Amino acid sequence: MAGLQDRAAAKLAEVDAKIADLTTIRTALVAAVDAGCDDLTACASTACCPVPFTDLAEENRHAGPCC
């Protein structure tokens with residue numbers, strides 16, 4: 001049976017991964033707001049769309065303006 005230190009370290013790794021994913025989502029949402037995206041269907045069909053989170057934890061997928 002794993003001790004407290006092992007369980008805490010494992011849980012900390014899970015929390016860090018979730019924080020990384022949420023940071024990526026936040027960054028994409030800020031980019032969507034900044035780009036003025038107002039139609040998810042139209043935006044999602046463009047290469048510069050920051051909204052589909054297919055690459056969680058991979059930052060800076062889109063450098064240019066969108067929509």
Side-chain angles (χ1 to χ4, degrees):
M1 185 161 138
L4 175 60
Q5 291 293 314
D6 291 338
R7 290 189 311 254
K11 186 55 73 175
L12 184 58
E14 289 177 29
V15 168
D16 287 341
K18 288 179 182 181
I19 289 171
D21 285 346
L22 288 171
T23 299
T24 299
I25 291 168
R26 185 188 187 288
T27 300
L29 290 171
V30 168
V33 168
D34 290 348
C37 297
D38 60 356
D39 183 332
L40 178 60
T41 304
C43 183
S45 65
T46 66
C48 68
C49 181
V51 178
F53 306 113
T54 56
D55 298 293
L56 285 177
E58 179 183 329
E59 295 188 29
N60 299 322
R61 290 189 306 135
H62 310 290
C66 187
C67 313

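Computed from a prediction, not measured in an experiment: that's the story for all the values here. Just so you know, these numbers use all the heavy atoms, side chains as well, and skip hydrogens, waters and symmetry mates.
- Atom CG of D16 sits about 11.5 Å away from atom CG of D21, to the nearest 0.5 Å.
- Under the 4.5 angstrom side-chain criterion for Ile, Leu, Val, Met, Phe, Trp and Tyr, the cluster partners of I19 are V15.
- Results of the side-chain contact (heavy atoms from CB on, under 4.5 Å) test with R26 over V30, T24, T23 single out V30 as the only residue that passes.
- Here Q5 pairs with nothing under the side chain to side chain donor-acceptor pair (under 3.5 Å) rule; sequence neighbours left out.
- Not a single salt bridge (Lys or Arg N to Asp or Glu O under 4.0 Å) links K18 to another residue, sequence neighbours left out.
- Other cluster members for V33: none, since no ILVMFWY side-chain heavy atom sits under 4.5 Å from it.
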